[in-house]
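One structure is given here, and the rest of the page talks about it.
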Amino acid sequence: MKKQPLLLPVILSVCMAAGGAMAKTELHLQRFFGACDAQYGTNTDVDKAEGECGIMTSLINQFSAEHPDIKVKVTTVEWPGYDQLTAQMASRTPPDLVTMHNSVISDYQSRRLILPIDDLMKQAGVALDDFTDTAARGIVKEGQVYGLPIDTWTMLFHINLKLMKQAGLVSEDGQLMLPHTPEELLQQARQFKKATGKPYLVQILSNETSAYTRLFYTYMFEQDSDFFANPDKVSLQSDKARNIVNMLKQIYDEDLTTKNMDYPASVSGFTNGDGGILMNGNWLLGAFEVESHNPDSEIYNAYMAVPYPQLFQNDKLYVDGHSWVMPNKKRDKAKLAATAEFFKFMKENDYQWSRTGHLPSVKSVLTMPEFLKLPHRQSLLSVTTRGTGLPEGVKRQFAVQDILGEELAAAVTGVKPIDEALKEAERRINDMLANL
Amino acid sequence: MSFTNSRKEQLSSFSFLLPYLLVFVGMIVVPLFWGIYLSFQKVDLFGPGKFIGLDNYVRLLHDRIFRQTVWNTLYFVILTVPALVVVGLLLALVLNQKTRVTSMLRGVFFASTILSVTVVTLIWRIIFIPNDGLMATLFTHIGLEPISFLSDPDWSLISIAIATVWWCLGLPMILFIAALQQIPREIYEAAAIDGANRWAVFFRITLPSIGRTIVLVIIIEIVMQFQLFGQALLMTNGGPNNSSRSMVMYIYDLGFRRWDVGMAAAASQLLFLIILIAAMAQFYVSRRKGADV
């Protein structure tokens, strides 16, 4: 009985020590790319997963399975989720890691809302040199690394080869004929319409603004236009800009494109054979590849994807990418170590993510035989070297994209004269950037 | 002794009011004054602001897009509020009978109100979407050129208004039915004995008897429809060419996408002022006309 007072503290301290040893480090990840827990919620075999959501969910599941000492908590947000992230940051409750477009990093980095990850990358054994130049350019701000890049994406020509053949735009040896100048593009589009009775392009022209902007950026880059020479001020009233809008307007006026389609309508329109070429992102590559093996599909054995064809002097392409970034909050050593482990895991599994259709951010994946065997990837490899984003100092790129897309659409559809639309876009963007 | 009892009763009553008052002050009064304070600041969500006086208001009033959103919102209110009142009243008149069919129809017409904005917009996008949409199919079937309901600047806001009237019709209808059922039967019986026709009964008895409810419905709908957001965001994203962008969408864009909280607060104050003026004007006009409100 006399030993009892001593026994209790001993038991308690043993329990506490055991509890401490058993306590897991929690890593709160927040991501977009959709929710698919019913199908992939417990899948840890990434090889068996398909699509952005399936592969990302399975990758995180695999990481959890391989790291039993780390408890991974995942929040899935509606794309792109920045309004929610901003509110979380304002209330000082951000996640530990979050997916972010490279074009958005400047907004958060300039206000010190995300942290540089150079030290953690070293800890994880990941070097900036491991990544493609295009991916690396997207995450380095003021000499520091602010995100672990997971991919590079761009807009593609998704092509219905059956209709292109019908239009005489596939040569006898099976080579697809692509335009090399705006005039050739128009000529091919007219030829296509005449032969098939269908529009050459399938475009998203309703309820969406980004498609026109991305196309505009690519063809401004191709003309060496330095329209963001000063990151705080855009310059859009130029002949180079007019060249692009005139080309788009002519396509629209001559009914060489589908009209009034929103995003889902354009995707289903392409698979239904409503037109020859869908202009959309590389994330649709996997889905269309699957569709092209369906004998009932209009693109059965007749699908191909290439980057936007070069129409002007050089071959630059507008690209963006996704990265994991680290919101600014206090972390202990264990959480930092867990984050480093996660970075290492994501870098090592970049091939799996590239199966979605996104281009790899890791250089070594580009030469992996299994990557090169994936359909259409050979013709897309150049995107990782010639891809260009807006200059790193340009802030509010999503808002810029919306304004520019609205005004371009107004010009193309004839609601506003081209010069007025370009002038108005320039005024609105500069007013916004001048008042940040 | 009676003074003590009265004080106790007052305290007791106040204790019932207190939770509501706390929520009201915390969630309405404080944000209202905080919003006014922010509207004079250059501020985002992450740091102290800088006092800039009326600059945010000046910028807003010089902004063509903001002015367009003000007009869009007013036009939307003009499109929807009279329609909601008239159609709601007509439905209430037709369904103000105690039969199984009318009870069921009341449920059917009210059902749309309980749907979320996401479901409503999904339904109406299927109806309005070009090429394969219900309206496009109908137009093609009868040999007409389909209208681009969501991508034509002249139609975008009208399309959203049609979806909104369908969605919001339940509340005015139910309020009108409740008001109609309060009118004493004796008045109608007396009118019948006097040989009054249907129109006379409607204009001399029914309408004056539900005057208060009509004013209430108009004010509720003015306040609600000025806050157009979800339908416009999901159906047209404010386009094309800002033709369906509402003031609330503009405020959301400023505050959460551009982080310009000060200017968003200024736009919110202007919206508040417009709603207040519109609702008060309606109230004032109704009183002058002699409605018993």
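Convention: sequence-line order gives letters A, B, ...; per-chain numbering from 1. Scope of the values below: all heavy atoms of this structure, side chains included, with no hydrogens, waters or symmetry mates. The shown structure was predicted, so the numbers you read here are calculated from the model rather than taken from an experiment.
- Only the side chain of A/A399 comes within contact range of chain B, judged by heavy atoms closer than 4.5 Å.
- One finds the CZ atom of A/F228 at 6.0 Å from the CG atom of A/L390 (value rounded to the nearest 0.5 Å).
- Using a 4.5 Å heavy-atom threshold, the side chains of A/V104 and A/Q397 count as separate.
- With a threshold of 4.5 angstrom between heavy atoms, A/D274 does not approach chain B through any atom at all.
- If you tally non-hydrogen atom pairs under 4.5 Å between each of A/E208, A/E407, A/K416 and chain B, the highest count goes to A/K416.
- Residue A/R112: no heavy atom, backbone or side chain, is found under 4.5 Å from chain B.
- Neither the backbone nor the side chain of B/I52 has a heavy atom closer than 4.5 Å to any heavy atom of chain A.
- For A/N435, the parts sitting under 4.5 Å from any heavy atom of chain B are the backbone and the side chain alike.
- Chosen from A/K259, A/M261, A/M432, the residue pairing most often with chain B at heavy-atom distances under 4.5 Å is A/M432.
- Sparse packing is recorded around OH of B/Y37, with 12 or fewer heavy atoms of other residues, nucleotides or ligands lying under 6.0 Å away.
- Scored by the ring-ring contact (aromatic ring centres under 6.0 Å, His included) test, B/W34 finds no partners at all (sequence neighbours excluded).
- Between the side chains of A/S297 and A/E291, at least one donor N or O lies within less than 3.5 Å of an accepting N or O.
- None of B/V81, B/I78, B/T73 except one satisfies the side chain to side chain contact (heavy atoms under 4.5 Å, CB included) rule with B/Q225; the exception is B/V81.
- Note that CZ of B/F51 is 9.0 Å distant from CG of B/D55, once rounded to the nearest 0.5 Å.
- Salt bridge annotation for A/D431-B/R59: present, with a cationic side-chain nitrogen under 4.0 angstrom from a carboxylate oxygen.
- With respect to B/R64 and A/E424, a salt bridge is recorded, a charged nitrogen being found less than 4.0 Å from a carboxylate O.
- Heavy-atom distances place the side chain of B/D44, and not its backbone, under 4.5 Å from chain A.
- Comment: A/R428 does not engage B/D63 in a salt bridge, judged by the lack of any side-chain N to carboxylate O separation of less than 4.0 angstrom.
- One side chain, A/D320 or A/S103, offers a donor N or O that lies under 3.5 Å from an acceptor on the other.
- Taking chain A as the reference chain and counting heavy-atom pairs below 4.5 Å, the highest number among B/S156, B/G47, B/G239, B/S148 is found for B/S148.
- Heavy atoms of A/K395 lying under 4.5 Å from chain B are absent altogether.
- Aromatic rings from B/Y252 and B/F256 are positioned such that their centres are separated by under 6.0 Å.
- For B/I129, the part sitting under 4.5 Å from any heavy atom of chain A is the side chain, from C-beta outward, and nothing else.
- Counting non-hydrogen atoms of other residues, nucleotides and ligands closer than 6.0 Å to NZ of A/K423 gives a total of 12 or fewer.
- Taking B/S151, B/G238, B/P153 one by one and counting their heavy-atom pairs under 4.5 Å with chain A, the maximum is reached by B/S151.
- Looking at A/I403, only its side chain comes within 4.5 Å of chain B, counting heavy atoms on both sides.
- Residue contact with chain B, scored on non-hydrogen atoms closer than 4.5 Å, is absent for A/R92.
- Within residues 259-276 of chain B, the residues having any heavy atom closer than 4.5 Å to a heavy atom of chain A are B/W259, B/D260, listed by residue number.
- Judged purely by distance below 3.5 Å, without hydrogens or angles, the side chains of A/T86 and A/Y108 pair a donor atom with an acceptor atom.
- Looking at B/P240, there are no atoms closer than 4.5 Å to chain A (heavy atoms on both sides), in backbone or side chain.
- For B/L254, no part lies near chain A; criterion is any non-hydrogen pair under 4.5 Å.
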